[in-house]
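Note sheet for the following structure.
Model, not experiment: these values are computed from the prediction. Chain letters run A, B, ... following the sequence lines, proteins first and then strands; every chain starts at 1.
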Amino acid sequence: MSRCWLLKSEGEVYSIDDLARDGQTPWEGVRNYEARNLMRDAMRPGELAFFYHSNSKPSGIAGLAKIVRVGLTDPTQFDKKSDFYDPTSTRAAPRWQMVELAFVERFAAVVPLERLKAEKALAKMPLLQKGSRLSVQPVDPAHFAHILKLARLGSSP
DNA sequence: GCCAACGTTGGC
DNA sequence: GCCAACGTTGGC
């Protein structure tokens, strides 16, 4: 089954513009088991993901990315100099995986979190639930289509 | 910068 | 297995 996703990144750390520049990027540094399990067990190459800027002005959905590879070992878990270093992980049984992302589209304007919250049709999105922090989330296809429409509206004069 | 909400750790 | 303490996330 093909699913849709939402991936969070702090806009000041790695933004959709960075992804546009790089073309592709390893999605390293995920250190949450639920997020890891979703990437490991449910993500497939070719699936699309919204690229969400957190801690930004405004926070919101900034564009689209595509999953191009899955099941990669995140090398930063073994790198003592990395913020993502995990001394409890071993090369024999690596704990953290990552996927490879490709740039697809930068929306003309970020679809702000506030705008998403104002849409009744999106009320059940995990992203919009109080206390939701998961950095890798599945997106319902109907929600996905609705948000794409918002992004296109925002781009018309 | 604040702080509420959450996940993880570790003592017991 | 419980739960308090701690660290992190992320909106505001």
Whole angstrom value for the distance that separates P of B:dG7 from CG of A:Leu38: 13 Å

In whole Å, I'd like the distance from the CD atom of A:Gln129 to the P atom of B:dG7. 14 Å

Verify the distance criterion only: is there a donor paired with an acceptor across the side chains of [X] and [Y] at less than 3.5 Å?
X: A:Glu47; Y: A:Trp5; answer: yes
X: A:Glu10; Y: A:His53; answer: no
X: A:Gln77; Y: A:Ser82; answer: no
X: A:Arg31; Y: A:Ser135; answer: no

Please state whether the phosphate of B:dA4, meaning OP1 or OP2, lies under 4.0 angstrom from any side-chain nitrogen or oxygen of A:Lys130. no

Given that A:Gly131 and A:Arg95 both sit by DNA chain B, which one's nearest nucleotide is further toward the 5' end? A:Gly131

Can you sort out which residues in residues 25-34 of chain A have a heavy atom within less than 4.0 Å of DNA chain C? Ascending by number, please. none

With a cutoff of under 4.5 Å between side-chain heavy atoms, which Ile, Leu, Val, Met, Phe, Trp and Tyr residues group with A:Met98? A:Leu72

Any donor and acceptor pair, going by atom type alone, linking the side chain of [X] with main-chain N or O of [Y] inside 3.5 Å?
X: A:Asp74; Y: A:Gly29; value: yes
X: A:Ser56; Y: A:Pro58; value: no
X: A:Arg44; Y: A:Asp41; value: yes

Report all interatomic pairs (protein N or O, nucleotide N or O of nucleotides 8-12 of chain C) with separations under 3.5 Å.
from   : atom 1 : to       : atom 2 : distance (Å)
C:dT8  : O2     : A:Arg133 : NH1    : 2.9
C:dG10 : OP1    : A:Lys8   : NZ     : 2.9
C:dG10 : OP1    : A:Arg133 : O      : 2.6
C:dG11 : OP1    : A:Tyr52  : OH     : 2.6
C:dG11 : OP2    : A:Asn55  : N      : 3.1
C:dG11 : OP2    : A:Ser59  : OG     : 3.0
C:dG11 : N7     : A:Asn55  : OD1    : 3.2
C:dC12 : OP1    : A:Lys117 : NZ     : 2.9

